[in-house]
Amino acid sequence: MAPAAELPVDVVSAAAAPHKFGINYGQIANNLPHPAQVSGLLQSLNVNRVKLYDADPAVLTAFAGTGVEFIVGNEDLQNLTDARKARAWVAQHVQPFLPGTRITCITVGNEVLSGKDTAAMQNLLPAMQAVHQAVADLGLAGQVNVSTAHSVNILASSYPPSSGAFREELAQYIQPILNFHAEVRSPFLVNAYPFFAYKASPGSVSLPYVLFEPNPGVVDPNTNLTYDNMLYAQIDAVYAAMKAMGHTDLTVRISETGWPSKGDDDEVGATVANAAAYNGNLMKRIAMGQGTPLKPDVPIDVFVFALFNEDMKPGPASERNYGLFYPNGTPVYNLGFNGASFSRSPTFSSSSKPTTTFLMAVVVLLAGFFL
């Protein structure tokens, strides 16, 4: 890497410390760089937390010795309810990579309770319990916790935030899951996308409010707390919903949030400018250590979705355009810093490493989030 003197001092200092956000590393694509190159990219950006949707051994091996913390996942709920199979999976897919690769959490399932598979809903907690027991039996309980990621759609109401409540028909599943989290001291993970609220009702949802841009804010009449963005309101609605079920002892982490840079014709708001504003403004707030109005002393904990555009994801065009980067390593958008030029950035290949020009350019790009 080029010496620090080649960059302005303020850029170097901004890029020096590990950033306080994580990133989702999805791999539903046929054109992504080798995990070893991704490891180099994220180290150059000082991003030290990554969430996977599986436990890809190539990724976990590539990040050995980097200090990057990983959340790994397994969505095979039916098999995981079997204690022997859960233990075998942890022994094969998690234990061998420790402590070289820092695996700190296993997510069991993804957005299960907002789906329609009642068998999966019934299997969710038993699978989480079996995986937790496997972690404990293998002597990993002090290193690895167990959770699951929920869609914000498990809320029946989220406005005002103090009236947040879980959907009544899900209470039979959520209550024991909350009890489990409290018992094992693992975080409650939520995937929250203000983009969806704006896309569904652009005429009534304020764009500045969802993009963290200046706006008058919304006052919760029950608490007199003022919210200037939707994501924080959603987080506090989850806290309120948990409190209504008797839990004030849990921490909410945002396991996914982001904004697409492109969408279908009917996907209002899916633009490069809005994606840059959402992610850029969010990262600035994370850098400030900001909490929500309800929990001002608890810095928000966010995993941005996603590292790369994923060309094989099904669904609307937006699903394939959440990435901060194209698979060739160039940024999808410049987040407000004009000191970087990517015209000379090479395309990744399986036999080449990113060049100094590329690595320093992306450091400058991400440093721009925090200036």
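Just so we're clear, the structure is a prediction, and the values are computed from it rather than from any experiment.
- Applying side chain to side chain donor-acceptor pair (under 3.5 Å) to Ser162 and the options Thr223, Asn222, Asn224, Asp236 leaves one that passes, Asn222.
- The two atoms that bring Ala130 and Ala83 nearest to each other are CB-CA, 4.4 Å, heavy atoms only.
- Val38 and Ile28 fall into different hydrophobic clusters, where Ile, Leu, Val, Met, Phe, Trp and Tyr are joined by side-chain heavy atoms under 4.5 Å apart, directly or via other members.
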Legend entry - Phe308 vs Leu324, side chain to side chain contact (heavy atoms under 4.5 Å, CB included): CA-CA, chis, key distance, verdict: CA-CA 6 Å; Phe308 296 112; Leu324 298 181; over 6 Å; no
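- Side-chain contact between Leu231 and Tyr278 is present, with at least one heavy-atom pair separated by less than 4.5 Å.
- In Gln290, the CD atom is crowded: over 12 heavy atoms of neighbouring residues, nucleotides or ligands sit closer than 6.0 Å.
- One N or O on the side chain of Gln175 and one on the backbone of Met245 form a donor-acceptor pair closer than 3.5 Å.
- Atom NZ of Lys262 sits in a sparse spot, with 12 or fewer heavy atoms from other residues, nucleotides or ligands closer than 6.0 Å.
- Residues Trp259 and Val268 are members of one and the same hydrophobic cluster, defined by side-chain heavy-atom contacts under 4.5 angstrom among Ile, Leu, Val, Met, Phe, Trp and Tyr.
- Between Tyr227 and Tyr209 there is a side-chain heavy-atom pair separated by less than 4.5 Å.
- Here the rule is side-chain contact (heavy atoms from CB on, under 4.5 Å) with Ile235, and of Val252, Val190, Val302 only Val252 fits it.
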Inset, instruction - Please report the C-alpha distance between Thr118 and Gln122 in whole Å, then the side-chain angles of each, then the deciding distance to 0.1 Å, and finally whether the side chain to side chain donor-acceptor pair (under 3.5 Å) criterion is met. - result: CA-CA 6 Å; Thr118 54; Gln122 293 166 356; 5.0 Å; no
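- Ser201 contributes atom OG, which lies 15.5 Å from atom CZ of Phe196 (distance to the nearest 0.5 angstrom).
- His181 and Asp249 share no side-chain donor-acceptor pair at under 3.5 Å.
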Inset, instruction - Take Glu267 and Lys199, measure what salt bridge (Lys or Arg N to Asp or Glu O under 4.0 Å) needs, and give me the verdict at the end. - result: CA-CA 6 Å; Glu267 294 192 281; Lys199 181 182 77 167; 3.6 Å; yes
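- Hydrophobic clustering (ILVMFWY, side-chain heavy atoms < 4.5 Å, transitive): Phe70 and Trp89 are in one cluster.
- For Thr61 (side chain) and Ala58 (main-chain N/O), no donor-acceptor pair under 3.5 Å exists by modelled atom type.
- Considering only heavy atoms from C-beta on, Val184 stays 4.5 Å or farther from Val146 through its side chain.
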Legend entry - Derivation of the side chain to side chain donor-acceptor pair (under 3.5 Å) call for Ser151 and Asn191: CA-CA 5 Å; Ser151 166; Asn191 300 339; over 6 Å; no
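- Checked by atom type and distance alone, the side chain of Glu310 never pairs as donor or acceptor with a backbone atom of Ala29 at under 3.5 Å.
- When all heavy atoms of Pro176 and Ala171 are compared, the closest pair comes out as CD-O, 4.0 Å.
- The distance from the CE atom of Met230 to the OG1 atom of Thr257 is 11.0 Å, given to the nearest 0.5 Å.
- Note that CD1 of Ile154 is 9.5 Å distant from CD of Glu111, once rounded to the nearest 0.5 Å.
- Cluster partners of Leu189, using a side-chain heavy-atom cutoff of under 4.5 Å among ILVMFWY residues and allowing indirect links: none.
- With contacts defined as side-chain heavy-atom distances shorter than 4.5 Å, the pair Gln172/Met121 does not qualify.
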Inset, instruction - For the pair Arg285 and Asn229, evaluate side chain to side chain contact (heavy atoms under 4.5 Å, CB included) and give the outcome as yes or no after the intermediate values. - result: CA-CA 11 Å; Arg285 290 181 179 232; Asn229 71 85; 3.5 Å; yes
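- When the side chains of ILVMFWY residues are joined at heavy-atom separations under 4.5 Å, either directly or via intervening members, Val238 and Leu282 end up in a single hydrophobic cluster.
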Inset, instruction - Start with the C-alpha gap between Tyr193 and Tyr322, add the side-chain angles, then the distance that decides, and say whether ring-ring contact (aromatic ring centres under 6.0 Å, His included) holds. - result: CA-CA 11 Å; Tyr193 289 89; Tyr322 274 92; 5.6 Å; yes
Which donor-acceptor pairs under 3.5 Å do side chains of residues 132-140 form with protein atoms, sequence neighbours excluded?
residue: Gln133; atom: NE2; partner: Asp137; partner atom: OD1; Å: 2.8

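- Between the side chain of Asp220 and the main chain of Leu225, no donor-acceptor pair closer than 3.5 Å is present.
- Using the six-membered ring where Trp is involved, Tyr53 and Phe305 have ring planes that are perpendicular, over 60° apart on the 30 and 60° scheme.
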Inset, instruction - Go through the steps for Tyr25 and Val59 under the test side chain to side chain contact (heavy atoms under 4.5 Å, CB included), then give the verdict. - result: CA-CA 10 Å; Tyr25 178 6; Val59 173; 3.8 Å; yes
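- Note that OG1 of Thr104 and CD1 of Ile71 are 6.0 Å apart. Values are rounded to the nearest 0.5 Å.
- Shown here is Lys243, whose NZ atom has no more than 12 heavy atoms of other residues, nucleotides or ligands within 6.0 Å.
- In this structure, the side chain of Asn215 engages the main chain of Glu213 through a donor-acceptor pair within 3.5 Å.
- Between Leu250 and Tyr239 the shortest heavy-atom distance is O-CE2, 3.4 Å.
- Residue Val108 comes nearest to Thr148 through the heavy atom pair O-OG1, 2.6 Å, listed as atom of the first residue, atom of the second, then distance.
- Two residues are said to be in side-chain contact when any heavy atoms from C-beta on lie closer than 4.5 Å; Asn179 and His247 meet this criterion.
- A heavy-atom distance below 4.5 Å is not found between the side chains of Phe195 and Val210.
- Here the closest non-hydrogen pair linking Ser114 and Asn153 is CB-CB, 4.4 Å.
- The neighbour count for Glu169 CD, taken as heavy atoms of other residues, nucleotides or ligands under 6.0 Å away, is above 12.
- Using modelled atom types, no side-chain atom of Thr330 and backbone atom of Tyr326 make a donor-acceptor pair closer than 3.5 Å.
- Checked against side-chain contact (heavy atoms from CB on, under 4.5 Å), Asn145 has the following partners two or more places apart in sequence or in another chain: Cys105, Ser186, Pro187.
- The closest donor-acceptor contact from the side chain of Asn24 to the backbone of Val304 lies under 3.5 Å.
- Not a single donor-acceptor pair under 3.5 Å links the side chain of Arg102 to the backbone N or O of Thr66.
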Inset, instruction - With side chain to side chain contact (heavy atoms under 4.5 Å, CB included) as the test, would you mind laying out the steps for Asp311 and Asn31 before giving the verdict? - result: CA-CA 8 Å; Asp311 66 343; Asn31 55 358; 3.6 Å; yes
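- Using a 30° and 60° split on the angle between ring planes, Phe188 and His150 fall in the parallel class, below 30°.
- Heavy atoms only, all atoms of each residue included: Leu32 and Gly26 are closest at CD1-O, 3.6 Å.
- No more than 12 heavy atoms of other residues, nucleotides or ligands sit less than 6.0 Å from atom CG of Asp265.
- Going from atom CG of Leu124 over to atom CG of Leu77 covers 6.0 Å, rounded to the nearest 0.5 Å.
- Phe303 and Leu52 sit in two unconnected hydrophobic clusters of ILVMFWY residues. Membership requires side-chain heavy atoms under 4.5 Å apart, directly or through other members.
- A donor-acceptor pair is defined here as one N or O able to donate and one able to accept, closer than 3.5 Å; no such pair exists between the side chain of Arg49 and the backbone of Glu69.
- A donor-acceptor contact shorter than 3.5 Å links the side chain of Thr101 to the backbone of Leu60.
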